[in-house]
Protein chains: 2
Amino acid sequence: MRDRDAVDDFLDQWAALRTDLDLGAMGTIGRILRLSRLVGGHLKDYFAEHGMETWEFDVLATLRRNGTPLTAKELAASVMIGSAALTNRIDRLVARGLVAREPVPGNRRSLHIALTDEGRDLVDRTVEGHMRNQQRILAGLDDDDREDLSRILRTLLVSLGDTR
Amino acid sequence: MRDRDAVDDFLDQWAALRTDLDLGAMGTIGRILRLSRLVGGHLKDYFAEHGMETWEFDVLATLRRNGTPLTAKELAASVMIGSAALTNRIDRLVARGLVAREPVPGNRRSLHIALTDEGRDLVDRTVEGHMRNQQRILAGLDDDDREDLSRILRTLLVSLGDTR
DNA sequence: GGCTAACCTTTCGACGTCGAACTATCTGAC
DNA sequence: GTCAGATAGTTCGACGTCGAAAGGTTAGCC
């Protein structure tokens, strides 16, 4: 009897108030936004246990999985932040010795952001636990649901233009 | 061949690098987080056209759909922010005349946050467009997918304890 | 009745993001 | 060659959130 979430409650409230509204989309989007906050909190907890911030892992892992070095611009796009925020992140990762700014041959406007050995080790030490943590977060879904969920979210992302 | 999203790309990169990792959960969670940013951006655009911030609508709509007045604490929980951030939001909504702080009969620790007529009108003027905007955001999904998505997200939310 | 612990809101300082302005570099057209 | 416009990254100020501490209020217990 506990298969109602918080969103169901507020959909009911709207339905009682305004019978003219089509609430379906609101429920779905409300759930995406709430989940992102909830999931983000769990990720934060995991990384905090390992002395880092989610955004740090985010940058380091992006560099790690990319064979070739990324420019600042590509990196910012990949983690979905603006260039100003990226400058800030890189500053701090450089200060921690996890990353280095390198010139791009043939284009002095751009910068390559490169993992240091230390940065690389840090990612490699923490990915696995991160994966386990993510599996725990999704533990409430069975295999079919998990697969359907990924597929539908992919469709939605593509329809919104999220293709790299 | 365009049914791949950005997440597919980085899953492939990880797969090429570390065959030992189980990447399924990472894909799903990556998609939830990316979607939330993308969707949040679209919501922001809509509200900006109407001279308000998403967080303003969020608070006002929560009050609107709740018949009975909410305490600051309940309100904060409902919109998933901390009490400090709520104090800040209420301050600004009071300054705009959209909301008022009222004493709670019989408990001087709490406060009721009440919509003013103006606040109520603002919500009522903007909900409908907000609904249409949300439908546009989900336009890339067919009815079955939309229904499945809502159901699975609900299951996940419930499993993470999001029951008001 | 008076103390202690729990509770609710506000204040404070730190943090991370954003958009806009700025600097430096590159491109293409003439 | 040079000059206008595009492009890359940084700086700046404003904004919104957070956690921790503080302030005021209430409930429970002896």
What is the distance, rounded to the nearest whole Å, between atom [atom1] of [X] and atom [atom2] of [N]?
X: B/Glu74; N: C/dC8; atom1: CD; atom2: P; answer: 9 Å
X: B/Asp58; N: D/dT17; atom1: CG; atom2: C1'; answer: 14 Å
X: B/Trp55; N: C/dT17; atom1: CH2; atom2: C1'; answer: 17 Å
X: A/Glu56; N: C/dC15; atom1: CD; atom2: C1'; answer: 12 Å
X: B/Asp91; N: C/dT10; atom1: CG; atom2: P; answer: 7 Å
X: A/Leu70; N: D/dG9; atom1: CG; atom2: C1'; answer: 15 Å
X: B/Asn88; N: C/dG13; atom1: CG; atom2: P; answer: 15 Å
X: B/Asp45; N: C/dC18; atom1: CG; atom2: P; answer: 13 Å

Check whether any side-chain nitrogen or oxygen of [X] sits under 4.0 Å from OP1 or OP2 of [N], and answer yes or no.
X: A/Arg108; N: C/dA24; answer: no
X: B/Arg101; N: C/dC8; answer: no
X: A/Arg89; N: C/dT17; answer: yes
X: B/Arg37; N: C/dC18; answer: yes

For the side chain of [X], starting at C-beta, report the closest nucleotide among [options].
X: A/Ala85; options: C/dT17, D/dC15, D/dC18; answer: C/dT17
X: A/Ile81; options: D/dG16, C/dC15, C/dC18; answer: C/dC18
X: B/Ala84; options: C/dC7, D/dG19, D/dG16; answer: D/dG19
X: A/Thr87; options: D/dT26, D/dT10, D/dG16; answer: D/dT10

With side-chain hydrogen bond (donor to acceptor under 3.5 Å, both in side chains) as the test, pick out the partner of A/Glu56 among A/Arg92, A/Arg96, A/His50.
A/Arg96
Comparing A/Lys73 with A/Lys44, nearest DNA chain D nucleotide closer to 5' gives the residue A/Lys73
Take the angle between the ring planes of A/His130 and A/Tyr46 and call it parallel below 30°, perpendicular above 60°, tilted in between.
parallel
What about A/Arg109: does its side chain form a donor-acceptor pair under 3.5 Å with the base of D/dT7?
yes
For B/Ser110, answer base if it contacts any base atom (sugar-phosphate contacts may also be present), sugar-phosphate if it contacts only those atoms, and nothing otherwise; contact means non-hydrogen atoms under 4.0 Å.
sugar-phosphate
Would you compute the distance between atom CG of A/Asp9 and atom CZ of A/Arg4 and round it to the nearest 0.5 angstrom?
5.0 Å
Taken to the nearest 0.5 Å, the spacing of A/Asp117 CG from A/Arg120 CZ works out to 7.5 Å
Closest-nucleotide ordering on DNA chain C, the 5'-leading residue of A/Glu53 and B/Leu86:
B/Leu86
Min side-chain heavy-atom separation B/Asp58-B/Ile81 under 4.5 Å:
no
